[in-house]
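The block underneath contains the structure these notes are about, expressed in structure tokens.
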Amino acid sequence: MLMLRDQLDPEQTGFIAVENFTSLAEHHELQLDPSKLEMLLALVQSNEHGHVCYQELIELLSSKRSSSFRRAIANGRRTLQREILLDETGLGVYKRFVRYVAYEILPCETDRRWYFHQNRLCPPPVFMAVITIVQIIVFMCYGVMLNKWVLQTYQPDFMKSPLVYHPGHRAQIWRFFSYMFMHVGLEQLGFNALLQLMIGVPLEMVHGILRISLLYMAGVVAGSLTVSITDMRAPVVGGSGGVYALCSAHLANVVMNWAGMKCPYKLLRMILALVCMSSEVGRAVWLRFSPPLPSSGPQPSFMAHLSGAVVGISMGLLILRSYEESLHKQCSWWVLIFSFITFLLFAIFWNIFAYELLGVQIPPPP
């Protein structure tokens with residue numbers, strides 16, 4: 001970096017002249033990736049003052065998320081070359097997968113090229129993979145213990161698990177999170193695991209583990225809290241709150257950027273996804289209100305699905321539309337955070353006082 005600074009800013013002013021940078025770039029005196037160099041040229045040549053801040057340039061070289069590059073492309077006099085990623089040849093298996101992910105998730109060709117050329121294998125998208133593996137292991141363990149693999153909630157011993165959220169055990173705070181590791185049966189686990197891997201992993205590759213884990217866990221917590229308010233006698237199992245947060249955010253992002261999304265068969269896939277998600281909600285509604293076995297008590301609620309979808313359309317959509325931008329610099333992000341904290345405080349108050357004040361008859365905890 002010191003050698004680069006001596007080349008671009010020999011007088012140590014903190015700014016780089018457009019002419020100086022362009023001359024070095026055109027004579028290939030900068031040892032940079034050609035695709036990234038073209039993006040940096042777009043940034044430099046768009047500056048009205050004839051120079052660019054050295055620190056801003058270094059942040060782009062370090063692939064830090066910033067709105068600077070987007071503004072340069074939108075307002076600059078120079079745009080990127082018109083070649084698209086689909087024209088790239090000689091790519092290895094991993095790079096072809098990265099290109100596939102870029103076209104699945106990002107709506108803008110500029111963003112896709114930027115992600116493609118700055119993507120690194122480390123750190124890998126481990127969050128969704130680990131969550132899915134743990135869910136499968138927990139399900140297999142309970143399947144062996146209960147000797148039941150479909151509609152496990154009809155087995156009385158299922159509700160005795162310390163992971164299930166039950167209104168009679170709502171003082172045990174971890175249950176508002178841990179219920180995501182339990183599932184009604186093989187059909188619910190398979191549906192959730194498939195979506196977590198097909199949608200969650202690509203989202204995590206593009207937007208990072210921090211943002212996607214925050215979105216997923218927000219959907220999980222919102223799911224159990226919503227059930228505790230709206231369906232006060234029902235238990236909750238399954239990771240559907242987090243799954244629906246991811247799916248609804250992705251589908252809403254696709255709809256709002258329909259022209260820019262280049263994923264193949266997007267209309268057919270959109271219809272298929274909506275049909276599958278609606279069918280899963282319908283199955284959950286049927287389980288909730290179907291006559292249970294006398295000893296099994298009420299069946300798990302479906303409200304976690306709906307609250308997860310609300311989280312995805314609100315918080316998730318903002319996250320997915322802010323690929324290059326810092327969330328903490330956006331007013332709408334803080335509005336969402338304030339709204340979520342307000343909902344959290346209300347849910348805590350409700351769980352402490354409302355059950356007794358309303359005289360809700362909670363089924364005896366197993």
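Model, not experiment: these values are computed from the prediction.
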Please test Y115 against V98 for side-chain contact (heavy atoms from CB on, under 4.5 Å), starting from the C-alpha separation and ending with a verdict.
CA-CA 9 Å; Y115 166 73; V98 171; 3.6 Å; yes

Assess whether side-chain contact (heavy atoms from CB on, under 4.5 Å) is satisfied between V134 and V130, documenting all intermediate values.
CA-CA 6 Å; V134 173; V130 169; 4.2 Å; yes

Please determine whether side-chain contact (heavy atoms from CB on, under 4.5 Å) holds for the pair Q188 and E280, giving the CA-CA distance in whole Å, both sets of side-chain angles, and the decisive distance to 0.1 Å.
CA-CA 8 Å; Q188 185 189 26; E280 171 64 14; 3.7 Å; yes

Intermediate values then yes/no, side-chain contact (heavy atoms from CB on, under 4.5 Å), R211 and L214:
CA-CA 5 Å; R211 295 186 176 195; L214 175 63; 5.7 Å; no

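Evaluated for a side-chain hydrogen bond (donor to acceptor under 3.5 Å, both in side chains) with E104, the options R99, R112, H250, R269 yield exactly one hit, R269.
At least one donor-acceptor pair under 3.5 Å links the side chain of S307 to the backbone N or O of A304. Of the possible polar contacts, none joining the R170 side chain to the S228 backbone as a donor-acceptor pair under 3.5 Å is found. Judged purely by atom type and a 3.5 angstrom limit, Q196 has no side-chain atom pairing as donor or acceptor with the backbone of I131. Between the side chain of R233 and the backbone N or O of Q361 there is at least one donor-acceptor pair closer than 3.5 Å. Looking only at distances, a side-chain donor or acceptor of W174 sits under 3.5 Å from a matching main-chain atom of P162. Within the 3.5 Å criterion, the main-chain N or O of V227 finds no donor-acceptor partner in the side chain of D231.
V126 and L210 fall into different hydrophobic clusters, defined by Ile, Leu, Val, Met, Phe, Trp and Tyr side-chain heavy atoms under 4.5 Å apart, directly or through other members. In terms of hydrophobic clustering, with Ile, Leu, Val, Met, Phe, Trp and Tyr side chains grouped at heavy-atom distances under 4.5 Å, V93 and Y100 are assigned to different clusters. A continuous path of hydrophobic side-chain contacts links V220 to V138 [ILVMFWY only; heavy atoms under 4.5 Å]. With hydrophobic clusters built from ILVMFWY side chains whose heavy atoms lie under 4.5 angstrom apart, M232 shares a cluster with M159.
Looking at heavy atoms from C-beta onward, V255 lies in side-chain contact with M270 at the 4.5 angstrom threshold. Side-chain contact between H207 and L215: absent, with no pair of heavy atoms (C-beta onward) separated by less than 4.5 Å. Between F181 and F139, the closest side-chain pair of non-hydrogen atoms is not below 4.5 Å. You'll find the side chain of V275 reaches within 4.5 Å of the side chain of I271, heavy atoms only. The closest side-chain heavy-atom distance from V101 to F116 is not below 4.5 Å. A 4.5 Å side-chain heavy-atom check between M315 and W333 finds at least one atom pair inside the cut-off. Here the side chains of Y216 and L246 are in contact, with some heavy-atom distance below 4.5 Å.
Residues I212 and L320 approach most closely at CD1-CD2, 4.5 Å, considering heavy atoms.
Counting non-hydrogen atoms of neighbouring residues, nucleotides and ligands closer than 6.0 angstrom, the CZ atom of F349 reaches no more than 12 such neighbours. Counting non-hydrogen atoms of other residues, nucleotides and ligands closer than 6.0 Å to CE of M140 gives a total of 12 or fewer.
Alongside I137, the hydrophobic cluster contains I133 (criterion: ILVMFWY side chains under 4.5 Å).
For H305 and Y244, the distance between ring centers is under 6.0 angstrom.
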Less than 3.5 Å apart, which donor and acceptor atoms pair up between the side chains of residues 334-346 and the rest of the protein, not counting sequence neighbours?
{"unit_1": "W334", "atom_1": "NE1", "unit_2": "H328", "atom_2": "O", "d": "2.7"}
{"unit_1": "S339", "atom_1": "OG", "unit_2": "V335", "atom_2": "O", "d": "2.8"}
{"unit_1": "T342", "atom_1": "OG1", "unit_2": "F338", "atom_2": "O", "d": "2.8"}

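Neither side chain, Y179 nor S224, offers a donor N or O lying under 3.5 Å from an acceptor on the other.
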